[in-house]
Structures are given as C-alpha cells and as structure tokens.
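Taking it in order: structure first as structure tokens, then the write-up.
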Amino acid sequence: ASRDNRFRVVHQPNGGLSAARNTALDHATGRYVTFVDSDDFIAPQYVEVLCQLIRESGAQAALCGWHLYPDGDAVPKPDDASHSRTYTAAEAANHIFYQRKGLTQSVCARLYDASVFRDVRFPVGMLYEDLAVLMPVMQNIQTVVFTPQRLYYYRQRQGSIITTFNSRRAHILDILEDLERRAPHEFPQHLKAIRSRLLSAYFNMLRLAPLHDGQFAPITTRSVCADRVLPMATCAYATRWPSSSPFSAAQSSPTPSTASNKLPALCGLVDSRCKRLIVVNSMQARLRAQLGDRSQYGGERRRRSVVVAS
C-alpha cells in the first residue's frame with residue numbers, strides 16, 4: 001500500500017470473516033469486487049480473465065472454477081482458457097441450490113460488479129455466510145457468466161472450521177429453513193430447489209454429527225424430525241412418485257412411529273426413482289434411532305442412497 005495508492009490497508013479487531021468482508025465493502029471504491037479468503041490465493045490472470053468475461057458478456061458477475069488441494073501439497077498450475085457459459089440469475093440460483101457441478105454458493109472465485117453489493121452485507125458470527133447472502137446477491141443480478149477454468153486456489157487445512165463438526169454447523173439449517181419460509185412469497189420459483197438443498201443439509205448433519213456425543217442431539221433430532229423430513233421429501237419429489245404412494249404430498253404429516261415404519265419404503269422409492277444420489281453411511285439405522293425405533297432394523301448398519309436433488 002505504501003508503494004501503490006490503489007491498495008488500502010484497514011486495521012480492525014478480529015471479528016471473523018464476515019466482519020472483515022463488510023469492512024472491505026464499506027471502503028471499496030472500485031468498479032468490481034472480489035473475495036479471497038486468507039488461506040487461499042489466486043492465479044496471476046484471475047482478475048484479467050474474469051473482468052474480460054464480464055465486459056464481453058454484459059453480465060454482473062463472472063465465476064471461475066477452483067483447485068481444491070490439501071495444505072502442504074504441491075500447488076497445481078492454472079488451467080488453460082476454456083469455453084464460458086452464461087446463466088440468468090434464476091438459473092444460477094437453482095443450479096447452486098441443487099448443488100450441480102460448476103456453480104457453488106461461495107462468493108470466492110468470482111468477480112462482481114460493485115453495485116451488486118451496494119445493499120448487501122454478510123451476517124457476522126455465522127457460518128455459511130455465503131449461502132445467507134445468495135438470494136440478496138442474485139436479486140441484484142440479471143446474468144452471470146461461468147468459466148470452468150480453475151483460477152482460484154482453495155487450501156484445505158486439517159482442523160479448519162469447515163473440516164470439523166461443532167454446533168455452529170447447524171447455521172446452515174437456520175439459513176435454509178428461513179429461505180424455505182420466505183420462498184412462497186418472495187421467490188416461489190426457487191422453493192423446490194431450496195427444499196432440495198435443505199433436505200441435503202439435514203442428511204449431512206446426520207452423516208457428520210457424532211451420535212455418541214449428547215451435545216449434538218438437538219441437531220440430529222432437528223434433522224430427522226418426522227414432521228419435517230419425510231413431508232419435505234414427498235413434497236419436493238411428488239412429481240416423481242405415483243399419486244397412490246403412501247408418501248403422496250397430500251398426505252398429512254406422519255407421526256414418529258408411522259414415519260419410522262415407512263422408512264424402508266421411502267428409501268426404496270428414492271433408490272429406484274432418483275437421478276442424483278448421495279451415499280450416506282448407516283442412514284436408515286440413524287434415522288430409526290433418532291425416531292426412537294430400535295426394533296427390527298434398529299441395529300443394522302448399511303449403506304443407503306438418499307435423494308438430495310432431482
């Protein structure tokens with residue numbers, strides 16, 4: 001900064017990632033904004049490539065691919081130039097909620113027109129802050145352009161926040177449940193995609209939370225609540241299931257005991273009818289244990305495929 005007046009250094013007490021980003025946005029005066037986390041770095045041509053994509057496409061944001069590599073490994077070389085694709089904001093949001101290959105919820109590996117963040121700030125003290133601002137950001141965007149060229153280097157450290165499980169990981173449920181509540185009135189075209197992402201988050205909590213540790217019981221119980229998970233699965237995927245199915249979207253919310261009895265059938269339907277699957281270890285046994293049913297299947301440990309997106 002002392003050698004180039006285009007750089008500005010701001011000192012403040014450590015308030016976390018969101019606080020640092022918000023301060024940067026408050027001081028930013030340029031035409032474009034990009035975010036690089038403190039553990040990560042970017043290829044030398046990162047800004048040049050993304051800036052050119054914005055100018056050529058007229059989009060309000062340009063996204064690139066990224067290298068994910070463990071700390072200590074050799075740094076991969078940047079990819080060569082590749083073909084780009086343009087999405088509407090609505091297409092991009094659904095693509096992200098469905099977790100399809102390419103676009104992600106992260107604000108890193110992107111260059112934005114600065115106007116996109118004129119009224120958007122990150123929630124301080126919350127994990128998954130990028131997901132929390134996804135819809136406000138997309139509402140300020142008309143189109144985005146994406147190149148699979150990997151120009152961002154995401155360093156994966158052992159023991160980092162995202163590689164360890166703690167109660168703050170449930171923030172993703174807070175964010176997605178809030179989006180689901182708001183979607184019917186504010187962005188109904190994304191409701192099904194949001195429910196898909198929320199269902200994925202519920203199952204991911206069950207997969208990651210240590211079941212022997214009682215402090216995480218509220219998270220696992222919340223993730224397998226019978227009147228939330230099963231009706232959500234039926235509502236999100238009713239179009240794939242026959243109307244006579246016991247999981248019809250018109251069916252009233254099941255009780256814990258009936259939900260437990262229907263789990264084998266639910267998993268069977270999911271296995272046979274879904275295109276996008278995620279393998280979850282011991283899912284059926286975990287679901288039954290949380291629902292209080294330890295009979296018949298309660299002790300089984302098997303690999304089970306559970307739908308997370310259509």
Side-chain angles (χ1 to χ4, degrees), residues 18 21-22 24-37 42-43 45-66 79 81-123 126 128-152 154 172 175-176 178-198 200 236 309-310:
S18 291
R21 288 176 174 176
N22 291 341
L25 290 170
D26 291 340
H27 287 81
T29 58
R31 181 175 176 181
Y32 301 107
V33 172
T34 193
F35 301 93
V36 182
D37 286 352
I42 55 179
Q45 67 271 41
Y46 168 83
V47 172
E48 178 185 2
V49 170
L50 296 185
C51 188
Q52 183 176 356
L53 286 173
I54 288 179
R55 290 173 177 172
E56 291 176 351
S57 66
Q60 290 75 47
L63 294 66
C64 68
W66 54 7
D79 291 347
S82 56
H83 295 291
S84 61
R85 176 180 174 181
T86 301
Y87 299 84
T88 66
E91 290 171 339
N94 274 349
H95 198 108
I96 292 167
F97 283 127
Y98 280 126
Q99 303 175 89
R100 291 170 179 154
K101 185 177 181 180
L103 307 187
T104 70
Q105 68 195 35
S106 174
V107 298
C108 297
R110 304 180 180 194
L111 185 72
Y112 296 93
D113 188 289
S115 63
V116 171
F117 282 90
R118 64 180 178 271
D119 56 357
V120 177
R121 293 296 184 269
F122 295 90
M126 177 175 282
Y128 304 97
E129 58 282 316
D130 296 358
L131 184 59
V133 302
L134 175 61
M135 289 311 301
V137 165
M138 287 300 177
Q139 289 170 334
N140 289 339
I141 286 177
Q142 293 180 331
T143 57
V144 302
V145 58
F146 170 73
T147 175
Q149 186 178 3
R150 293 177 295 177
L151 301 171
Y152 189 96
Y154 181 92
I172 191 171
I175 294 167
L176 289 167
D178 178 65
L179 287 173
E180 187 199 20
R181 284 191 293 269
R182 293 162 49 203
H185 306 289
E186 297 183 33
F187 26 82
Q189 71 275 26
H190 299 305
L191 178 58
K192 182 178 177 181
I194 290 169
R195 282 178 169 161
S196 173
R197 183 68 182 87
L198 179 54
S200 170
S310 60

### Message
For a quick test of reading the model, state the closest non-hydrogen atom pair linking Val145 to Ala59 and the distance between them.
### Response
N-CB, 3.9 Å
### Task
Find out whether Tyr128 and Met126 are in side-chain contact, i.e. whether some heavy atom of one side chain is under 4.5 Å from a heavy atom of the other.
no
### From CZ (Arg182) to CD1 (Ile194), nearest 0.5 Å
8.5 Å
### Task
Not counting sequence neighbours, which residues clear salt bridge (Lys or Arg N to Asp or Glu O under 4.0 Å) with Asp130? List them please.
Arg21
### Message
Using modelled atom types and a 3.5 Å cut-off, is there a donor and acceptor pairing between side-chain atoms of His95 and backbone atoms of Ala90?
### Response
no
### Task
Return the set of residues passing ring pair (Phe, Tyr, Trp, His ring centres under 6.0 Å) with Phe35 (not counting sequence neighbours), or none when no residue passes.
Phe117, Phe122
### Message
So, using ring pair (Phe, Tyr, Trp, His ring centres under 6.0 Å) as the criterion, who are the partners of His190 when residues are at least two apart?
### Response
none
### Message
Run the side chain to side chain donor-acceptor pair (under 3.5 Å) test against Ser57 and tell me which residues pass, sequence neighbours left out.
### Response
none
## Note on the structure
So the salt bridge (charged side-chain N to carboxylate O under 4.0 Å, His left out) pairs with at least one residue in residues 47-57 (sequence neighbours excluded) are none
### Minimum heavy-atom distance Leu176-Phe97, with the two atoms named
CD2-CE2, 4.4 Å
#### Entry: Point-to-point distance, once rounded to the nearest 0.5 Å, from CD of Gln52 to OG1 of Thr147
10.5 Å
#### Entry: Set of side-chain contact (heavy atoms from CB on, under 4.5 Å) partners for Leu191, sequence neighbours left out
Glu180, Ala183, Pro184, Arg195
### Message
Has Asn140 got a side-chain atom pairing as donor or acceptor with Val116's backbone, closer than 3.5 angstrom?
### Response
yes
### Pairwise side-chain contact, Arg197 with Leu179, heavy-atom cut-off 4.5 Å (strictly under)
no
### Task
Determine the minimum heavy-atom distance between Phe146 and Gly65, stating which atoms define it.
CE1-N, 4.1 Å
### Message
Return the CD to CG distance between Gln139 and Leu134, rounded to the nearest 0.5 Å.
### Response
9.5 Å
### Query
So, do Ile54 and Asp113 sit near enough that their side-chain heavy atoms are less than 4.5 Å apart?
no
### Task
Looking only at non-hydrogen atoms, find the nearest pair between Leu131 and Gln105 and report the distance.
CD1-OE1, 3.8 Å
### Message
Test of understanding: with salt bridge (Lys or Arg N to Asp or Glu O under 4.0 Å), list the residues that count as partners of Glu91, not counting sequence neighbours.
### Response
none
### Message
Testing the 3.5 Å rule here: is there a donor-acceptor pair between the side chains of Ser106 and Tyr154?
### Response
no
### Task
With sequence neighbours excluded, tell me which residues meet side chain to side chain donor-acceptor pair (under 3.5 Å) with Thr143.
none
#### Entry: Which residues share a side-chain contact (heavy atoms from CB on, under 4.5 Å) with Ala109, sequence neighbours left out
Cys64, Trp66, Tyr152
#### Entry: Contact list for residues 25-36, test salt bridge (charged side-chain N to carboxylate O under 4.0 Å, His left out), sequence neighbours left out
Asp26-Arg121
### Message
Holding to side chain to side chain donor-acceptor pair (under 3.5 Å), I want the full list of residues that pass it with Tyr32, two or more places apart in sequence or in another chain.
### Response
none
### Task
Enter the distance from Asn94:CG to Lys192:NZ here, rounded to the nearest 0.5 Å.
10.0 Å
### Message
Quick check on Glu186: does its CD atom have over 12 non-hydrogen neighbours (other residues, nucleotides or ligands) under 6.0 Å away?
### Response
yes
### Distance in Å, Ile172 CD1 paired with Ser200 OG, rounded so as to fall on 0.5 Å steps
7.5 Å
### Task
Could you grab the distance from atom CG of Leu50 to atom OG1 of Thr34, nearest 0.5 Å is fine?
7.0 Å
### Query
Quick one: side chain to side chain donor-acceptor pair (under 3.5 Å) partners of Ser18, sequence neighbours excluded?
none
